[in-house]
Undergrad: 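Structure in structure tokens, see below.
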Amino acid sequence: MAKLYIYNTLTRKKEEFKPLGSEVGIYTCGPTVYDYAHIGNFRTYVFEDVLIRTLRYLGYKVKHVMNITDVGHLTTDDEFSGEDKMLVAARRERKSPWEIAKFYTEAFKRDMRSLNISEPTILAPATEHIQDMIEFIKRIERNGYAYMISLGLFLDTSKIPNYGILARLDLSKLKPGARLPVHPEKRNPWDFALWLKAPPEHIMQWDSPWGRGYPGWHIECSAISTKYLGEVFDIHCGGVDHIPVHHTNEIAQSQAAYGKIPANYWMHGEFLVIGDRRMGKSEGNIYTVEDLKKMGFTPLALRYFYFTAHYRTKLNFTLEALRGAQNALEKIYQHLRELPEPTGMPERYLNKFKQALCDDLNMPRVLAIVWEVIKDDSLSGGEKRALLEEFDKVLGLGFVSQKKVEVPDWVRELLTKREQLRRERRYAEADAIRERLRKEGWEVQDTPDGPRVRYVKVT
RNA sequence: GGCGGCGUAGCCAAGUGGUUAAGGCGGGGGUCUGCAAAAUCCCUAUUCCCCGGUUCGAAUCCGGGCGCCGCCUCCA
């Protein structure tokens, strides 16, 4: 098995990946389903998909767990005055929070499928794991890391060894209350809620040892990952924005409950930016997959576009660049439609491919290799197809479905007829046939060796 | 205020000390053609924000500027 090197945020180094057991456990932070996920969110999910596909390609068995946050996030980070996002969405759409969650979960799954993102082994909605969260919190409380204030139960971060190690936070230099006032009852500015008491207008609420209420913002990932992957698992992924707060606090919770950092490798996808600003709902500069479809883009063109930059660098989104990605992908498809059935694969390209993948998932380099294969005259058509289909196990760009199209008899007959007309210089009639074929998706090319047709998929 | 990152052609970007600075898109030109389309070939950064330094050798390392961005408890 080839050695896979991945960048670990915990150590800030590329490290050789060494799994804990026979099955690799991966946890990825999923969406909050109060609105559509945007293409910035999906950049991260596609990065995670590439990681998982790469592991499987290299021969690992992978168990992938993703949560669905269908409860409890607030509109602001102000834990004593913010509104619950689910409730805001429910009011906006005149639905119950559960209906909202269901609707946007389905939308999310649809977009995942259209981007060819492999399904997680387990997709876990938070609301179905309230009891697991309560048990997790009890453990934290039993170990003496929690305290009660009027808002609810909080975690005392001063008791956590190396709190903030993931983000390399230097607590002495951070500015408490830089953005928001610190609640006076909190023992330390960085302490965060494990369980919040529900105000009366809060629709989603559950009974707990700490009163009727709802779980804090980080506990679902701790509870769900522990339940399905164990106290310590292999890889934890998410967006870079999760490093300083969400993942930092997940680590704190696991330390409080089990005395351990829950994952060995922490990997984070960089932002999709637009005009040098991060794409975000609050910035008001988002595109959804649906938006792009309406503009005539295919979701896989977006997937290709994501691959033009490495996952740890910001990727600047422009419609021009996306169009470029779509054109490039369509060209690859055209090549594939003219390639015969796959034959053997030359080792040297296979090795190059693996090498690029194993170097911290270098997809831009993989794309360069794709083009190298397409343009390499020393390869047979069958070899090219074999390689491209092999690469597509990780790329997931739909290469396999682009098969050589046999020319039907009726097309051949029309071609013969057109050639006859051309010889007779009856060009208007010949052009009419060409136009008719084009409308059926058959593009005629007059080459020095006679006419050629090819099927141009209507997208 | 603190911490971190980035600045490579018109656009999106690889590259992290050593042959001609990946690749794609776009653009230009040639071939082909009744026209068209496609295909194909060639061209498109003597140079990597600027200024110094280290080195036989730097886009890559160091120092100093300039510009941009992110984070400091919502956020992929």
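In what follows, chains carry the letters A, B, and so on, assigned in the order in which the sequence lines appear, proteins first and then strands, with residues in each chain numbered from 1.
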Undergrad: Write down the distance between OH (A:Tyr287) and P (B:A76), rounded to a whole number of angstrom.
TA: 19 Å
Undergrad: Looking at every strand, decide which applies to A:Glu270 at a 4.0 Å heavy-atom threshold: base, sugar-phosphate, or nothing.
TA: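 Base, at least one base atom sits under 4.0 Å.
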Undergrad: How long is the line joining NZ of A:Lys352 and C1' of B:A22, in whole Å?
TA: 10 Å
Undergrad: Which whole number of Å gives the distance between the P atom of B:A58 and that of B:C48?
TA: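 My reading of the P atoms in B:A58 and B:C48 gives 11 Å.
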Undergrad: Which of these, A:Lys14, A:Lys13, A:Arg312, sits in a salt bridge (Lys or Arg N to Asp or Glu O under 4.0 Å) with A:Asp360?
TA: A:Arg312
Undergrad: Given the C1' atoms of B:C25 and B:G64, what is the spacing between them in whole Å?
TA: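 Nearest-Å result for B:C25 against B:G64 at atom C1': 37 Å.
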Undergrad: Answer yes if the ring centres of A:His247 and A:His268 are under 6.0 angstrom apart, and no otherwise.
TA: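 Ring-ring flag for A:His247/A:His268: true, centres closer than 6.0 Å.
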Undergrad: Determine whether a donor-acceptor pair (N or O, by modelled atom type, separation under 3.5 Å) exists between the side chain of A:Thr9 and the backbone of A:Trp266.
TA: yes
Undergrad: Quick one: A:His218 NE2 to B:A76 C1', roughly how many Å, whole number?
TA: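 Nearest whole value for this atom pair: 16 Å.
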Undergrad: So which of A:Ile235, A:Leu55, A:Thr54 actually passes side chain to side chain contact (heavy atoms under 4.5 Å, CB included) with A:Ile6?
TA: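 For A:Ile6, the side chain to side chain contact (heavy atoms under 4.5 Å, CB included) test succeeds with only one of A:Ile235, A:Leu55, A:Thr54, which is A:Ile235.
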Undergrad: Please state how far atom CZ in A:Phe271 lies from atom P in B:C71, giving the value in whole angstrom units.
TA: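 Taking CZ of A:Phe271 and P of B:C71, I get 6 Å after rounding.
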Undergrad: Once you apply the 3.5 Å cut-off to both distances, tell me the Watson-Crick or G-U wobble partner of B:G1, or none.
TA: B:C72
Undergrad: Which base, if any, makes a Watson-Crick or G-U wobble pair with B:C6, both distances under 3.5 Å?
TA: B:G67
Undergrad: Identify each atom pair where a protein N or O and an N or O of nucleotides 8-15 of chain B are less than 3.5 Å apart, giving names and distance.
TA:
| unit_1 | atom_1 | unit_2 | atom_2 | d |
| --- | --- | --- | --- | --- |
| B:C12 | OP1 | A:Asn316 | ND2 | 2.8 |
| B:C12 | O3' | A:Asn316 | O | 3.1 |
| B:C12 | O2' | A:Thr308 | OG1 | 3.4 |
| B:A13 | OP1 | A:Asn316 | N | 2.1 |
| B:A13 | O2' | A:Thr308 | O | 2.7 |
| B:A14 | OP1 | A:His310 | N | 2.9 |
| B:A14 | OP1 | A:Thr313 | OG1 | 2.8 |
| B:G15 | OP1 | A:Asn362 | ND2 | 3.0 |

Undergrad: Considering only atom C1', compute the distance from B:G28 to B:G10 and round it to an integer number of Å.
TA: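 It comes out at 13 Å once rounded to the nearest Å.
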Undergrad: Mapping A:Tyr163 and A:Gly238 onto RNA chain B by nearest heavy atom, which one lands closer to the 5' end?
TA: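 Its nucleotide being nearer the 5' end, the pick is A:Tyr163.
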Undergrad: Using the side-chain heavy atoms of A:Asn41, tell me which of these nucleotides is nearest: B:G34, B:C25, B:A76.
TA: B:A76
Undergrad: Write down the distance between CD1 (A:Ile374) and C1' (B:C25), rounded to a whole number of angstrom.
TA: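 Atom CD1 in A:Ile374 sits about 14 Å away from atom C1' in B:C25.
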Undergrad: Using both distances under 3.5 Å as the test, list the Watson-Crick or G-U wobble partner of B:C61, or none.
TA: B:G53
Undergrad: Do you know the tightest heavy-atom contact between A:Leu194 and A:Ile137?
TA: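 Minimum heavy-atom contact is O-CD1, 3.3 Å.
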Undergrad: Using atom types as modelled and distance alone, determine if a side-chain donor or acceptor of A:Arg337 lies under 3.5 Å from a backbone N or O of A:Gln402.
TA: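 No; zero donor-acceptor contacts below 3.5 Å.
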Undergrad: Quick check, does A:Trp371 stack with B:G23? I mean ring centres under 5.5 Å and planes off by under 30°.
TA: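 Stacking is absent between B:G23 and A:Trp371, given that the ring centres and planes do not meet under 5.5 Å and under 30°.
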Undergrad: Take the protein atom CZ of A:Phe108 and the nucleotide atom P of B:A76, then report the distance between them rounded to whole Å.
TA: 10 Å
Undergrad: Which is true for A:Gly269 with a 4.0 Å heavy-atom rule: it touches a base, it touches only sugar-phosphate, or it touches nothing?
TA: nothing
Undergrad: Before we go on, tell me: are the rings of A:His38 and A:Tyr287 under 6.0 Å apart, centre to centre?
TA: no
Undergrad: Applying a 3.5 Å limit to both distances, which nucleotide forms a Watson-Crick or G-U wobble pair with B:U40?
TA: B:G30
Undergrad: Taking A:Asp49 as the fixed residue, which of A:Lys393, A:Arg43, A:Arg303 is the one that meets the salt bridge (Lys or Arg N to Asp or Glu O under 4.0 Å) rule?
TA: A:Arg303
Undergrad: With C1' as the reference atom in both, quote the distance from B:C56 to B:G17 in angstrom, rounded to an integer.
TA: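 Their C1' atoms lie roughly 12 Å apart.
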Undergrad: Using the P atoms only, state how far B:A36 lies from B:C43, rounded to an integer number of Å.
TA: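 So the two P atoms sit 26 Å from each other.
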Undergrad: Has A:Arg278 got a side-chain N or O lying under 4.0 Å from the OP1 or OP2 atom of B:C71?
TA: yes
Undergrad: Has the side chain of A:Asn327 got a donor or acceptor atom sitting under 3.5 Å from an opposite partner on the base of B:G26?
TA: no
Undergrad: If the C1' atom of B:C32 is compared with that of B:C68, how far apart are they to the nearest Å?
TA: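 Going atom to atom, C1' in each nucleotide, I get 48 Å.
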Undergrad: Could you tell me how the ring of A:Phe103 sits relative to the ring of A:Tyr36: parallel (under 30°), tilted (30 to 60°) or perpendicular (over 60°)?
TA: perpendicular
Undergrad: I need the minimum non-hydrogen distance between A:Asn285 and A:Met279, along with the two atoms involved.
TA: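 Distance-wise, the nearest heavy atoms are OD1-CA, 3.3 Å.
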Undergrad: Roughly how many Å is it from CG in A:Leu322 to P in B:G26, rounded to a whole number?
TA: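 One finds 13 Å between P of B:G26 and CG of A:Leu322, rounded.
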Undergrad: Please work out if A:His242 contacts a base, only the sugar-phosphate, or nothing of the nucleic acid, heavy-atom cut-off 4.0 Å.
TA: sugar-phosphate
Undergrad: Ring centres under 6.0 Å, that's the criterion: do A:Tyr228 and A:His129 meet it?
TA: yes
Undergrad: Going 5' to 3' along nucleotides 36-41 of chain B, which nucleotides have protein heavy atoms under 4.0 Å from the base (write B), which only from the sugar-phosphate (write S), and which from neither (write -)?
TA: BBS-S-
Undergrad: In whole Å, what separates the P atom of B:C69 from that of B:C12?
TA: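 Straight-line distance between the two P atoms is 15 Å.
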Undergrad: Using the test salt bridge (charged side-chain N to carboxylate O under 4.0 Å, His left out), find all partners of A:Glu443 that sit at least two apart in sequence or belong to another chain.
TA: A:Arg454
Undergrad: What's the NZ-C1' distance between A:Lys13 and B:U16, to the nearest Å?
TA: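 Taking atom C1' of B:U16 as the reference, NZ of A:Lys13 is at 17 Å.
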Undergrad: With P as the reference atom in both, quote the distance from B:G26 to B:G65 in angstrom, rounded to an integer.
TA: 42 Å
